[in-house]
Amino acid sequence: EVQLVESGGGLVQPGGSLRLSCAASGFIFDDYAMNWVRQAPGKGLEWVSVISWNGGVTYYAESIEGRFTISRDNAKSTVFLQMNSLKSEDTAVYYCTGGYHADAYDYWGQGTQVTVSS
(Lines give C-alpha, C1' and ligand atoms only; values in the text may rest on other atoms or scores of the structure.)
Protein backbone atom coordinates (compact mmCIF):
# COMPACT_ATOMS: atom_id res chain seq x y z
CA GLU A 1 0.00 0.00 0.00
CA VAL A 2 1.34 3.38 -1.02
CA GLN A 3 1.48 5.90 1.78
CA LEU A 4 2.72 9.47 2.03
CA VAL A 5 2.46 10.91 5.51
CA GLU A 6 3.15 14.59 6.03
CA SER A 7 4.11 16.05 9.38
CA GLY A 8 5.54 19.24 10.83
CA GLY A 9 2.70 21.64 10.15
CA GLY A 10 1.29 23.97 12.73
CA LEU A 11 0.91 27.57 13.79
CA VAL A 12 3.83 29.93 13.29
CA GLN A 13 4.28 33.69 13.45
CA PRO A 14 5.08 35.78 10.37
CA GLY A 15 8.81 35.68 9.75
CA GLY A 16 9.13 32.34 11.47
CA SER A 17 10.29 28.98 10.19
CA LEU A 18 8.84 25.53 9.88
CA ARG A 19 10.13 22.24 8.52
CA LEU A 20 7.73 19.82 6.89
CA SER A 21 8.48 16.13 6.45
CA CYS A 22 6.88 13.50 4.27
CA ALA A 23 7.53 9.83 4.96
CA ALA A 24 6.91 7.54 1.98
CA SER A 25 6.28 3.82 1.77
CA GLY A 26 4.81 1.25 -0.60
CA PHE A 27 6.75 2.26 -3.71
CA ILE A 28 10.34 2.60 -4.85
CA PHE A 29 11.00 6.03 -3.47
CA ASP A 30 14.08 6.87 -5.52
CA ASP A 31 12.25 6.13 -8.79
CA TYR A 32 10.07 9.17 -8.17
CA ALA A 33 10.41 12.88 -8.23
CA MET A 34 8.78 14.41 -5.18
CA ASN A 35 6.74 17.59 -5.05
CA TRP A 36 5.15 19.87 -2.54
CA VAL A 37 1.78 21.33 -3.52
CA ARG A 38 -0.35 23.61 -1.38
CA GLN A 39 -3.92 24.81 -1.20
CA ALA A 40 -4.82 28.04 0.57
CA PRO A 41 -8.33 28.48 1.98
CA GLY A 42 -10.81 28.95 -0.84
CA LYS A 43 -8.10 28.66 -3.48
CA GLY A 44 -6.96 26.06 -5.96
CA LEU A 45 -3.90 23.87 -5.81
CA GLU A 46 -0.59 25.66 -6.20
CA TRP A 47 2.62 23.84 -7.03
CA VAL A 48 5.41 24.84 -4.66
CA SER A 49 8.53 22.79 -5.39
CA VAL A 50 9.93 19.62 -6.92
CA ILE A 51 13.06 17.57 -6.39
CA SER A 52 14.40 14.94 -8.76
CA TRP A 53 14.83 11.29 -7.82
CA ASN A 54 18.40 11.73 -6.61
CA GLY A 55 18.04 15.26 -5.32
CA GLY A 56 20.20 16.64 -8.10
CA VAL A 57 17.62 19.04 -9.54
CA THR A 58 15.22 21.31 -7.69
CA TYR A 59 12.71 23.91 -8.83
CA TYR A 60 10.53 26.37 -6.97
CA ALA A 61 7.51 28.51 -7.66
CA GLU A 62 8.37 32.17 -8.16
CA SER A 63 6.17 33.09 -5.22
CA ILE A 64 8.58 31.32 -2.91
CA GLU A 65 11.34 33.85 -3.67
CA GLY A 66 14.17 31.86 -2.15
CA ARG A 67 12.47 31.32 1.20
CA PHE A 68 11.94 27.55 0.96
CA THR A 69 14.32 24.65 0.44
CA ILE A 70 13.31 21.17 -0.67
CA SER A 71 15.48 18.16 0.10
CA ARG A 72 15.23 14.39 0.30
CA ASP A 73 16.85 11.47 2.07
CA ASN A 74 16.44 8.37 -0.06
CA ALA A 75 17.85 6.10 2.64
CA LYS A 76 14.93 7.17 4.83
CA SER A 77 12.37 7.54 2.00
CA THR A 78 11.62 11.03 3.22
CA VAL A 79 11.27 14.43 1.58
CA PHE A 80 11.48 17.73 3.44
CA LEU A 81 10.45 21.32 2.96
CA GLN A 82 12.30 23.90 5.01
CA MET A 83 10.22 27.08 5.12
CA ASN A 84 11.76 30.34 6.30
CA SER A 85 10.53 33.93 6.43
CA LEU A 86 6.96 32.72 6.42
CA LYS A 87 4.19 35.08 5.39
CA SER A 88 0.47 35.04 6.04
CA GLU A 89 -0.10 34.14 2.39
CA ASP A 90 1.81 30.89 2.98
CA THR A 91 -1.12 29.68 5.06
CA ALA A 92 -2.35 26.53 3.35
CA VAL A 93 -2.64 22.79 3.50
CA TYR A 94 0.64 21.40 2.21
CA TYR A 95 0.60 18.13 0.30
CA CYS A 96 3.47 15.82 -0.52
CA THR A 97 3.17 14.18 -3.94
CA GLY A 98 5.20 11.63 -5.90
CA GLY A 99 5.49 11.50 -9.68
CA TYR A 100 7.15 8.88 -11.86
CA HIS A 101 7.08 11.02 -15.01
CA ALA A 102 7.78 14.69 -15.48
CA ASP A 103 4.89 16.85 -14.28
CA ALA A 104 3.11 13.82 -12.82
CA TYR A 105 1.44 13.73 -9.41
CA ASP A 106 0.72 10.04 -8.99
CA TYR A 107 0.60 9.71 -5.22
CA TRP A 108 -0.71 12.16 -2.64
CA GLY A 109 -0.53 12.45 1.09
CA GLN A 110 -3.35 13.68 3.28
CA GLY A 111 -1.72 17.05 3.82
CA THR A 112 -0.57 19.04 6.80
CA GLN A 113 -1.94 22.43 7.83
CA VAL A 114 0.40 25.42 8.01
CA THR A 115 -1.03 28.57 9.56
CA VAL A 116 1.01 31.78 9.60
CA SER A 117 -0.53 34.32 11.93
CA SER A 118 0.30 36.76 14.69
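Because the structure is a prediction, the values reported are computed rather than measured.
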ring-ring contact (aromatic ring centres under 6.0 Å, His included) evaluation trace for Tyr105 with Tyr95: CA-CA 11 Å; Tyr105 306 94; Tyr95 298 96; over 10 Å; no

Pair Phe68, Trp36 - check side chain to side chain contact (heavy atoms under 4.5 Å, CB included), show working. CA-CA 11 Å; Phe68 295 1; Trp36 288 96; over 6 Å; no

Carefully, step by step, assess Asp30 and Arg72 under the rule salt bridge (Lys or Arg N to Asp or Glu O under 4.0 Å). CA-CA 10 Å; Asp30 59 3; Arg72 67 191 294 163; over 6 Å; no

Check the pair Ser85, Glu65 against side chain to side chain donor-acceptor pair (under 3.5 Å), reporting the backbone distance first and the verdict last. CA-CA 10 Å; Ser85 302; Glu65 300 177 351; over 6 Å; no

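Crowding of Asp31 atom CG: a count of heavy atoms from other residues, nucleotides or ligands under 6.0 Å exceeding 12. Atom NZ of Lys76 has 12 or fewer neighbouring heavy atoms from other residues, nucleotides or ligands inside a 6.0 Å radius. Other residues, nucleotides and ligands place more than 12 heavy atoms under 6.0 Å from the CH2 atom of Trp108.
A distance of 3.5 Å separates CG in Asn35 from OG1 in Thr97, rounded to the nearest 0.5 Å. Atom-to-atom distance recorded for Glu46:CD and Gln39:CD is 10.5 Å, nearest 0.5 angstrom. Distance check: Leu4 CG to Phe29 CZ gives 8.5 Å after rounding to the nearest 0.5 Å. Separating the CD1 atom in Ile28 from the CG atom in Asn74 is a distance of 12.0 Å, to the nearest 0.5 Å. Distance CD/Gln3 to CD/Gln110: 9.5 Å, rounded to 0.5 Å. To the nearest 0.5 Å, atom SG of residue Cys22 and atom CZ of residue Phe80 are 9.5 Å apart.
Nearest approach of Ser71 to Arg19, heavy atoms of both residues: OG-NH2, 4.4 Å. The shortest non-hydrogen separation linking Gln82 to Asn84 is NE2-OD1, 3.0 Å.
The shortest distance between side-chain heavy atoms of Pro14 and Ser88 does not fall below 4.5 Å. At least one side-chain heavy atom of Cys96 sits less than 4.5 Å from a side-chain heavy atom of Val79. Val12 is not listed as a side-chain neighbour of Ser17, based on a closest heavy-atom distance of 4.5 Å or more. At a threshold of 4.5 Å between non-hydrogen side-chain atoms, the residues Leu20 and Met83 count as touching. Considering only heavy atoms from C-beta on, Val50 stays 4.5 Å or farther from Ile70 through its side chain. In this structure, the side chains of Asp106 and Val2 stay at 4.5 Å or more apart for every pair of heavy atoms.
The hydrophobic clustering, which links ILVMFWY residues whose side-chain heavy atoms are closer than 4.5 Å, places Leu86 and Val37 apart. Transitive grouping of hydrophobic side chains (ILVMFWY, heavy atoms separated by less than 4.5 Å) brings Val114 and Tyr60 into a common cluster.
Without hydrogens or angle criteria, Ser49 side chain to Tyr59 main chain gives a donor-acceptor distance under 3.5 Å. Trp53 places no side-chain N or O within donor-acceptor distance of the main-chain N or O of Gly55, the cut-off being under 3.5 Å.
Of the candidates Leu81, Val93, Thr91, Asp90, Arg38 forms a side-chain contact (heavy atoms from CB on, under 4.5 Å) with just one, namely Asp90.
Taking the six-membered ring for Trp, Phe27 and Tyr100 have ring centres at least 6.0 Å apart.
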